*Asks:* 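Quick one: this structure, given as structure tokens, is what I'll be asking you about.
All values reported here derive from a predicted model rather than from experimental measurement. Numbered from 1 within each chain, the chains take letters A, B, ... in sequence-line order.
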Number of protein chains: 2
Amino acid sequence: MSNNHFKKGELYSFITGKASIAIARRLQKKFNTSGVNLTIEQWSVLYQLWKHDGASQQELCNATFRDKPSITRLVDNLEKLNLVNRVSDEKDRRINKIYLTRAAIKLQEETMALAEETLNEALSGVPADQVEMCKEVLQKVYDNLNG
Amino acid sequence: MSNNHFKKGELYSFITGKASIAIARRLQKKFNTSGVNLTIEQWSVLYQLWKHDGASQQELCNATFRDKPSITRLVDNLEKLNLVNRVSDEKDRRINKIYLTRAAIKLQEETMALAEETLNEALSGVPADQVEMCKEVLQKVYDNLNG
DNA sequence: TTTACTTAGTTGCATAAACAACTGTATGTC
DNA sequence: GACATACAGTTGTTTATGCAACTAAGTAAA
């Protein structure tokens, strides 16, 4: 059985993920026009902290699929924006726990609404079962390459 | 009818496109271990030129979904690597036509093989009809946001 | 307790993206 | 020809990524 799913011309767009790039750009535009002063990358870190405030930088690496230097600098920038604070763990002083500020907590509702709005626009006209299957395929791709 | 396809926890990975990021990283690793001295972004420009040698920078913008400054700098770097040459169009001197060098032409076969290999690994165990549907959904998403 | 190893995070460097402001060239209208 | 306008490409700034090399702190074995 052939594993060769790709005609030549389609290969590039699958690798570059133009759909997810389009989604991210659309969400960024919504942030900008709504006066939300955040990059998508900064938002993706806040997103994890809204789920688990006080996560370590290493935990943020795992959750956002980034390496440690990336998280160091994203946290740097979020600190400059007064959205998070680094707090050194008392038991293990290597670890920084990252805590949301009041301002960051306030951003959750608005930005999550913009994110859901963006996804609904992106998936408009796509039947729910196809969305479901697409998510499964993409998860499988991820697992194939990281398992 | 509700358009609300997303449970909270799934939203983030759809926006970040972790599957396509994983594919790009895997391909980059294959380049590195095969001694191919190219970034994925540089490769994506060469990919277009292999299909249409002599394309203008603007055409490369459209084909790779990048803005003009991004292409300017990618072409800068490809020129430094002696993989392309800028040639000013005789009829319209605003336009740079980008031509592949011998070295770049030589890279096509090897890197395309690595790209196909990567995609086959990524899609291993995914039925062809699901891949097809997934491609359609992602194309629809792109069209929804850029139409 | 000294040594080796591991883990968490940081720093330096090269590459890339987004946006705005810019130069230079072509085109169309008066 | 002189003007405005549109288009192709470049440059500057900020932010982000990937990799390698590094520091600091904890752990475990001699």
*Asks:* In Å and rounded to the nearest 0.5 Å, what is the CD to OG1 distance from A:Glu59 to A:Thr64?
*Replies:*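 So the CD of A:Glu59 and the OG1 of A:Thr64 are separated by 11.5 Å.
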*Asks:* Round to the nearest Å and state the distance from A:Glu41 atom CD to C:dA18 atom C1'.
*Replies:*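 Atom CD in A:Glu41 sits about 10 Å away from atom C1' in C:dA18.
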*Asks:* C:dT27 C1' sits how many Å from B:Ile95 CD1, rounded?
*Replies:*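 The answer, rounded to whole Å, is 13 Å.
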*Asks:* For DNA chain C, which residues in residues 77-91 of chain A have a heavy atom at a distance below 4.0 Å?
*Replies:*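 Result for residues 77-91 of chain A: A:Arg86, sorted by number.
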*Asks:* Within the structure shown, what part of the strands sits under 4.0 Å from B:Gln42 by heavy-atom distance: base, sugar-phosphate, or nothing?
*Replies:*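 Here B:Gln42 touches the backbone only, sparing every base.
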*Asks:* Inspect the surroundings of CG in A:Asp53 and state if more than 12 heavy atoms from other residues, nucleotides or ligands are less than 6.0 Å away.
*Replies:*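 Atom CG in A:Asp53 is crowded, with more than 12 foreign heavy atoms closer than 6.0 Å.
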*Asks:* Quick check on contacts: within residues 60-75 of chain A, what sits under 4.0 Å from DNA chain C by heavy-atom distance?
*Replies:*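 Close to the strand are A:Lys68, A:Pro69, A:Thr72, A:Arg73.
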*Asks:* CD1 of A:Ile98 versus P of C:dA8: gap in Å, rounded?
*Replies:*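 After rounding, the gap between these two atoms is 13 Å.
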*Asks:* Measuring from B:Leu74:CG to B:Leu46:CG, what's the distance to the nearest 0.5 Å?
*Replies:*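 Interatomic distance, B:Leu74 CG to B:Leu46 CG, rounded to 0.5 Å: 9.5 Å.
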*Asks:* I need the full list of salt bridge (charged side-chain N to carboxylate O under 4.0 Å, His left out) pairs touching residues 30-39 of chain A, with sequence neighbours left out, sorted by first then second residue.
*Replies:*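 Qualifying pairs: A:Lys30-A:Glu117, A:Lys30-A:Glu121.
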*Asks:* Will you find, in the side chains of B:Gln58 and B:Asn62, an N or O donor that is under 3.5 Å from an N or O acceptor?
*Replies:*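 Side-chain D/A pair, B:Gln58 to B:Asn62: present.
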*Asks:* Distance from B:Tyr47 atom OH to B:Thr111 atom OG1, nearest 0.5 Å?
*Replies:*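 B:Tyr47 OH to B:Thr111 OG1: 10.5 Å, rounded to 0.5 Å.
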*Asks:* Take atom CZ of B:Arg94 and atom P of C:dT27, then tell me their distance rounded to the nearest Å.
*Replies:*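 The answer, rounded to whole Å, is 6 Å.
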*Asks:* Side chains of residues 81-88 of chain A: which donor-acceptor pairs under 3.5 Å do they make with residues two or more places apart or in other chains?
*Replies:*
unit_1	atom_1	unit_2	atom_2	d
A:Arg86	NE	A:Gln57	OE1	3.0
A:Arg86	NH1	A:Asp76	OD1	3.0
A:Arg86	NH1	A:Glu79	OE1	2.9
A:Arg86	NH2	A:Thr72	O	3.1
A:Arg86	NH2	A:Asp76	OD1	2.9

*Asks:* State whether A:Asn32 places a side-chain N or O below 4.0 Å from either non-bridging phosphate oxygen (OP1 or OP2) of C:dA18.
*Replies:*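 It does not, given that no N or O in the side chain of A:Asn32 lies less than 4.0 Å from OP1 or OP2 of C:dA18.
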*Asks:* Both A:Asp92 and A:Lys29 contact DNA chain C. Taking the nearest nucleotide for each, which residue is further toward the 5' end?
*Replies:*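 Its nearest nucleotide lies further toward 5', so the answer is A:Asp92.
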*Asks:* When the distance from CG of A:Leu27 to P of C:dA17 is rounded to whole Å, what number comes out?
*Replies:*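 Roughly 19 Å, once rounded to whole Å.
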*Asks:* Heavy atoms, side chains only, cut-off 4.5 Å: are B:Cys61 and B:Lys68 in contact?
*Replies:*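 Answer yes - side chains close enough.
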*Asks:* Would you say the side-chain atoms of B:Gln139 and A:Lys18 include a donor-acceptor pair closer than 3.5 Å?
*Replies:*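 There is such a pair (donor and acceptor under 3.5 Å, judged by atom type) between the side chains of B:Gln139 and A:Lys18.
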*Asks:* Between A:Gln28 and A:Asn32, is any side-chain donor less than 3.5 angstrom from a side-chain acceptor?
*Replies:*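 On atom types as modelled, these side chains qualify, holding a pair under 3.5 Å.
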*Asks:* Using a cut-off of less than 4.0 Å, is there contact between a side-chain N or O of A:Ser56 and OP1 or OP2 of C:dA8?
*Replies:*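 Looking at the OP1 and OP2 atoms of C:dA8, neither is under 4.0 Å from any side-chain N or O of A:Ser56.
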*Asks:* Out of curiosity, does B:Ile23 fall in the hydrophobic cluster containing B:Ile21 (side-chain heavy atoms, cut-off under 4.5 Å, transitive links)?
*Replies:*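 Each belongs to a different hydrophobic cluster.
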*Asks:* Is any side-chain nitrogen or oxygen of A:Gln57 closer than 4.0 Å to OP1 or OP2 of C:dT10?
*Replies:*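 True: A:Gln57 side-chain N/O within range (under 4.0 Å) of C:dT10 OP1/OP2.
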*Asks:* Over how many whole Å does the gap from B:Ile40 atom CD1 to C:dT15 atom C1' extend?
*Replies:*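 The distance from CD1 of B:Ile40 to C1' of C:dT15 comes to 13 Å, rounded to the nearest Å.
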*Asks:* Please report, rounded to the nearest Å, how far the P atom of C:dG9 is from the NZ atom of A:Lys97.
*Replies:*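 Answer to the nearest Å: 11 Å.
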*Asks:* Roughly how far, to the nearest 0.5 Å, is OG of B:Ser56 from NZ of B:Lys97?
*Replies:*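 One finds 8.5 Å between NZ of B:Lys97 and OG of B:Ser56.
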*Asks:* Give me the residues of residues 18-26 of chain B where at least one heavy atom lies under 4.0 Å from an atom of DNA chain D, by number, or none.
*Replies:*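 Of all residues in residues 18-26 of chain B, the ones placing a heavy atom under 4.0 Å from DNA chain D are B:Arg25.
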*Asks:* Spell out, yes or no, whether A:Val36 and A:Ile40 are grouped together once hydrophobic residues are joined by side-chain heavy atoms under 4.5 Å, including indirect joins.
*Replies:*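 Yes, because A:Val36 and A:Ile40 connect within a single hydrophobic cluster, where side-chain heavy atoms sit under 4.5 Å apart.
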*Asks:* For B:Asp92, does the CG atom sit with more than 12 other heavy atoms under 6.0 Å from it, leaving out its own atoms?
*Replies:*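 Count over threshold, so yes.
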*Asks:* Which nucleotide span of DNA chain D, 5' end to 3' end, has atoms closer than 4.0 Å to non-hydrogen atoms of chain A?
*Replies:*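 Listing 5' to 3', DNA chain D meets chain A from D:dT15 to D:dG26.
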*Asks:* Look at the side chain of B:Arg93 against the base of C:dT25 and say whether a donor-acceptor pair falls under 3.5 Å; ignore hydrogens and angles.
*Replies:*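 When only heavy-atom distances are counted, B:Arg93 does not reach the base of C:dT25 through any donor-acceptor pair under 3.5 Å.
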